[in-house]
2 protein chains.
Amino acid sequence: MPKQTFLQLPEGKQRALIDAAKKEFSRVPLHEASIANIIKDAGIPRGSFYQYFEDKEDLYYYLLNQLSQENNKKITAMLKEKNGDLLGTLEDAFRHMISLRHDPEHGELLNHAFRNMNYRKENTMANSMYKESLKNERSQTLELVDTSYLNIKDKQELLHIIKIVGAITFHNLVQVFVHDLTEEEAIANYTTQIDLIKRGLHRNEDM
Amino acid sequence: MPKQTFLQLPEGKQRALIDAAKKEFSRVPLHEASIANIIKDAGIPRGSFYQYFEDKEDLYYYLLNQLSQENNKKITAMLKEKNGDLLGTLEDAFRHMISLRHDPEHGELLNHAFRNMNYRKENTMANSMYKESLKNERSQTLELVDTSYLNIKDKQELLHIIKIVGAITFHNLVQVFVHDLTEEEAIANYTTQIDLIKRGLHRNEDM
DNA sequence: ATTGACTTATGACACTGTGTCACATTATAA
DNA sequence: TTATAATGTGACACAGTGTCATAAGTCAAT
């Protein structure tokens, strides 16, 4: 999380640093990115960088969180659009997310992010780390879900369903970015898998 | 993948290096581990290390792959034991995997691995990278699965089911290691989720 | 036994990049 | 105006990597 000092900086200086950071994190994945490049490009001295952020990760996750927030809003809107039909929203949401890889502004950054996905990135993208009202946010989105579509007996199981679809969605996203799947392949795989879990993996005796 | 030179080394020298590596990778996660520590502990000069391995990652993934192979054998055995009941094997397999975190030999290494899980590690643990006969191996395990338990129409869907349960299982494993869940919590979560996908997430109209 | 060709061993070194700290500058308020 | 706090700055110490010239070992052919 950026330090107070950074947030009080004049707009232009913030922008310069953020832009330089985006550029560097688009060039190479996080672990190869160098602070030296970022500050050179932003035109600020090394010492200043450490006034603003703890370290490279701090800056990176701040950025990633911001991107994710915009994105989460879009997906929440889709869910609302579909009147809380969670499973029905998934394909559209997935399609939207894979379309981001060709976004000129953040495509490369996301490419690197997904090719080097780890728990912290996944968590940052899924939730909204720096937001205090995490639990409130969560439950607001939760409230949108119409549970009458779902084969569950309580609220607790809804949380598990979200974890399930989250895990599968992320897994598929990583596949897309790592193996450069075409949009058709990606969506075919994803919908097959979502269909499977919708109807259930286990064969009923009476079928 | 280790270089030829390493594999031709006398048993004792290999052991020393492997043991030192295990020690270092148990101390800290991969990105914090240092070659300097490993070679100091193993008593070999820096130059030699680079005769044997490309770099730190090369050594790390060699090690991780070896651990995973043992493990995969155990799980394949479980599946055979249960006569190919894939879904029925999952809970036992999961239980077995989380028990590993208290293994004195590799527990800490696995802790770091899961807390910093990424695509490559997941892939290394799931498959067996260095094995030439990857496809054969896979299909051998595939053949073990009794598809009559499963709600699928073709072989292709079996592959998707494996991806689904793989994604969910890994996701749960990461949760266990990151949040230090108790065995009971971990298994409760996991079985709930597996039950949900077994019976299907979507509510049937006629229910 | 000696030679030559090849393989393996070695550690000093150049290089890259990080985070810190003493000091300089600027802002704020009394 | 002056004291105090906040921010800016870049030289520097430090940690770690991968390479390379050179040394040492192996072994087959003479």
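Here is the naming used below: chain letters follow the sequence lines, and residue numbers restart at 1 for every chain.
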Reckon B:F6 touches a base, only the sugar-phosphate, or nothing at all at heavy-atom distances under 4.0 Å? nothing
Can you tell me how the ring of A:H179 sits relative to the ring of B:Y119, calling it parallel under 30°, perpendicular over 60° and tilted otherwise? perpendicular
Calculate the interatomic distance between B:Q8 atom CD and D:dT26 atom P; express it in whole Å. 13 Å
Describe the nucleic acid contact of A:L9 in one word from base, sugar-phosphate, nothing, applying a heavy-atom distance below 4.0 Å. sugar-phosphate
By the 4.0 Å heavy-atom rule, please label A:S34 as base, sugar-phosphate, or nothing. sugar-phosphate
Taken to the nearest whole Å, CD/A:Q51 to C1'/C:dG19 is 12 Å
Value in whole Å for how far the P atom of D:dA21 lies from CZ of B:R46: 18 Å
Going by distance alone, is a donor N or O of one side chain under 3.5 Å from an acceptor N or O of the other, for A:N172 and A:Q193? yes
When you check the phosphate oxygens OP1 and OP2 of D:dG8, does a side-chain N or O of A:S48 lie under 4.0 Å from one of them? no
Does A:Y52 make a side-chain N or O approach to OP1 or OP2 of D:dT7 shorter than 4.0 Å? no
Give the rounded distance in Å between these two atoms: CZ of A:F49 and P of C:dC21. 18 Å
Side-chain touch B:L17/B:L9, heavy atoms, less than 4.5 angstrom: no
Determine: side-chain N/O of B:Y50 to OP1/OP2 of D:dC20, distance under 4.0 Å, yes or no. no
A:D55, nearest nucleotide to its side chain (from D:dT17, C:dG19, C:dT10): C:dG19
Just how far, in rounded Å, is P of D:dA15 from NZ of B:K40? 11 Å
To check you understand the geometry: which heavy-atom pair defines the closest contact between B:V176 and B:R101, and what is its length? CG1-NH1, 3.4 Å
Separation of C:dG19 atom C1' from A:I38 atom CD1, nearest Å, is 15 Å
I'd like to know whether B:R115 forms a salt bridge (Lys or Arg N to Asp or Glu O under 4.0 Å) with B:E32, so could you lay out the CA-CA distance, the side-chain angles of the two residues, the decisive distance to 0.1 Å, and finally the verdict. CA-CA 13 Å; B:R115 285 168 195 266; B:E32 284 179 47; over 6 Å; no
Over all strands shown, is A:K3 touching base, sugar-phosphate only, or nothing at heavy-atom distances under 4.0 angstrom? nothing
Near DNA chain D, counting only heavy atoms under 4.0 Å, which residues of residues 15-30 of chain B show up? none
With a distance cut-off below 6.0 Å to the six-membered ring centre and an angular limit of 45° from the axis, does A:R120 pair with A:Y61 as a cation-pi contact? yes
Work out which heavy atom in B:T182 is nearest to a heavy atom in B:E185; give both atom names and the distance. N-OE1, 2.8 Å
Just the rounded figure in Å: distance from P of C:dT18 to NE2 of B:H31. 14 Å
Return the value, rounded to whole Å, for the distance between atom CD1 of B:I39 and atom C1' of D:dG16. 10 Å
Mind checking if B:I44 touches a base, just sugar-phosphate, or nothing, with heavy atoms under 4.0 Å? nothing
Kindly say if B:K56 contacts the phosphate of D:dG18, meaning a side-chain N or O under 4.0 Å from OP1 or OP2. no
Within this structure, what is the CD1-CZ distance for the pair B:I187 and B:R95, rounded to the nearest 0.5 Å? 3.5 Å
So what does B:F53 touch, heavy atoms closer than 4.0 Å: a base, only the sugar-phosphate, or nothing? nothing
